[in-house]
Amino acid sequence: MNIIIDATWIGALYNSNVINGGYRVLDNLLKQLHRYPEHTFYLTHTTHRLSYTRNIVEYLENISAPQNIQIACLSYKLFDSNNILKIYKIINGKLPIHSFIPFIAQSIISKSDIFYSALDASPFTIRKNKKIKKYFTALDLIPICKPEYSNLFYAYTKNLYDKLDDQSRVFAISQSTKNDIITYRPDLNPGKIKVTHLAADPKIFYEVVDITILDSILSKYALKNRNYFLTLNNIAPYKNTELIIKSFLEWKKDQEIKDITLVLIGRKLDEKYSNYLNELCGDSKQIIFLENIPDADLATLYSRAIGFLYMSLYEGFGLPVLEAMQCGTPVICSNTSSMPEVAGEAAISLDPTDKNSLITAMTMLLDPEINEAHRVKSLIQAQKFTWEKYSEQIILGFEQM
């Protein structure tokens, strides 16, 4: 088969410090396509920008892309101008420019069987083509299904799922996400929505046992010889960071625990949120914020933690849970949405609004035998998720769905 892949996120974010879900999914899928030489994959993007094309070319060179991956971008130097791009965005909101200036050569479209997007809806030039099957990956429907948690990107998300028709084929990253799609669009055929679980990159997330590496990385963050729980710091209310901080501080005070730290990885983002966190934590010296952590250091920080805390109220998949488990970290996580699919029986799963249960679970992980049992369970559970399996399910979907 000839398969067009929308690589816009690679073009936009390659060589940048910003990585989103669409980029990660596409990046890991592309790295598996050498296993399918019987298919030809044409990479394109939907912006007409030369800089995006250059980034995609450089990306493919970096991963030593096989011959069955080809570039099929129609870029225009005109659109490399920031001023022109601003005008383009204004006009494109009212008139679909890409219907008049196609993003990919008609010669490629005419011989292709499939169009796949890692995140976005099919462009106009593809949607009007009845011969080509359209696929995209659905991450989550938080703005639609749980607007009380987050209404960011509501218009974008609504537009994406409103455009689905009886010819659309969807890869949902969890059964939870599939259920949300069916709830929102009960008119769609569930048989054309396939669950394809994500994975964690084993080159980044693995159990670190080398003492030299552990000492070096932990010393870098002043964590050597310190015991700590690990979590992620995120401004979105549904990530529930506030509950973790309050539970941890209450736990330390009530049980008079002095030698355990809470480490929050992430960004404070802006002064208002930073001040809020500082006020929430008070003058506690047992809470450490780590920002801009390179991928190379993450495995060590996960591996050395007493446990990983993830009390998110809703997740399309919950990739941090899998990353932690792949590093052999005992996990305490929410029992909502997709997280039971990812964590299985390996994690201590809790109601994310129950502070007392979280406090009890943290105490449990201080027991060496319980902690070791969950470390082993984490490693076993993580083996169920690989990018090889993910790519197999995607290709199978292309062939059969």
Side-chain angles (χ1 to χ4, degrees), residues 19 24-25 27-28 31-32 197-233 244 248 259-266 288 290 292-312 315 317-334 338-350 361-391:
I19 299 297
R24 288 196 183 278
V25 169
D27 173 40
N28 285 285
K31 290 174 180 176
Q32 297 295 325
H197 287 131
L198 302 182
D201 189 339
K203 294 181 180 178
I204 299 175
F205 302 101
Y206 58 93
E207 187 177 24
V208 179
V209 295
D210 187 304
I211 298 300
T212 302
I213 295 175
L214 287 168
D215 287 349
S216 174
I217 301 301
L218 293 173
S219 296
K220 179 178 177 180
Y221 299 104
L223 292 173
K224 185 178 179 181
N225 299 323
R226 298 188 73 162
N227 298 313
Y228 62 89
F229 280 98
L230 184 67
T231 190
L232 300 182
N233 167 43
I244 292 176
F248 179 79
D259 61 345
I260 297 179
T261 301
L262 176 65
V263 176
L264 294 91
I265 296 179
I288 297 176
L290 298 180
N292 303 316
I293 304 299
D295 284 350
D297 295 351
L298 287 173
T300 296
L301 296 176
Y302 272 122
S303 297
R304 184 61 182 78
I306 297 170
F308 178 66
L309 313 179
Y310 202 67
M311 291 291 103
S312 178
E315 291 291 327
F317 183 78
L319 193 54
V321 170
L322 180 56
E323 293 170 352
M325 291 193 302
Q326 197 158 286
C327 295
T329 311
V331 171
I332 302 172
C333 70
S334 303
S338 63
M339 284 168 282
E341 293 178 58
V342 180
E345 299 297 321
I348 301 175
S349 298
L350 310 172
M362 287 190 290
T363 302
M364 288 174 57
L365 288 185
L366 296 187
D367 184 308
E369 291 187 5
I370 295 176
N371 192 284
E372 175 62 14
H374 280 283
R375 184 191 72 82
V376 174
K377 287 181 180 180
S378 286
L379 291 171
I380 293 173
Q381 178 68 9
Q383 292 176 5
K384 298 177 182 179
F385 304 87
T386 68
W387 286 115
E388 288 81 4
K389 289 181 180 179
Y390 176 80
S391 67

S.K.: Do you know the tightest heavy-atom contact between E341 and F385?
M.R.: O-CZ, 3.6 Å
S.K.: Which distance, rounded to the nearest 0.5 Å, do you find between the OG1 of T386 and the CD of Q326?
M.R.: 9.5 Å
S.K.: When the side chains of residues 223-232 are checked against the rest of the protein, which donor-acceptor pairs come out under 3.5 Å, sequence neighbours left out?
M.R.:
{"unit_1": "R226", "atom_1": "NH2", "unit_2": "T261", "atom_2": "OG1", "d": "3.1"}
{"unit_1": "Y228", "atom_1": "OH", "unit_2": "L301", "atom_2": "O", "d": "2.8"}
{"unit_1": "T231", "atom_1": "OG1", "unit_2": "L309", "atom_2": "O", "d": "2.7"}

S.K.: Which residues pass the side chain to side chain donor-acceptor pair (under 3.5 Å) test with Y302, not counting sequence neighbours?
M.R.: E323
S.K.: Are L214 and V209 packed together at the side-chain level, in the sense that at least one heavy-atom pair is separated by less than 4.5 angstrom?
M.R.: no
S.K.: Determine whether I288 and L264 make a side-chain contact, defined as any pair of heavy atoms from C-beta on separated by less than 4.5 Å.
M.R.: no
S.K.: Search all heavy atoms of P294 against all heavy atoms of K220 and return the closest pair with its distance.
M.R.: CG-NZ, 4.2 Å
S.K.: Counting C-beta onward and ignoring hydrogens, is there a side-chain heavy-atom pair between R304 and L218 closer than 4.5 Å?
M.R.: yes
S.K.: Who pairs with R375 by salt bridge (Lys or Arg N to Asp or Glu O under 4.0 Å), at least two apart in sequence or on another chain?
M.R.: E207, E372
S.K.: Just wondering, do Y310 and I244 contact through their side chains at under 4.5 Å, heavy atoms?
M.R.: no
S.K.: Could you pull out the closest heavy-atom pair between V342 and Q381, with the gap in Å?
M.R.: O-NE2, 2.9 Å
S.K.: Assess the residue pair M362 and I332 against the criterion (side-chain contact (heavy atoms from CB on, under 4.5 Å)); give the C-alpha distance rounded to whole Å, side-chain angles, the decisive distance to 0.1 Å, and a yes or no.
M.R.: CA-CA 8 Å; M362 287 190 290; I332 302 172; 4.1 Å; yes
S.K.: Side chains of S312 and M339: does their closest heavy-atom pair fall under 4.5 Å?
M.R.: yes
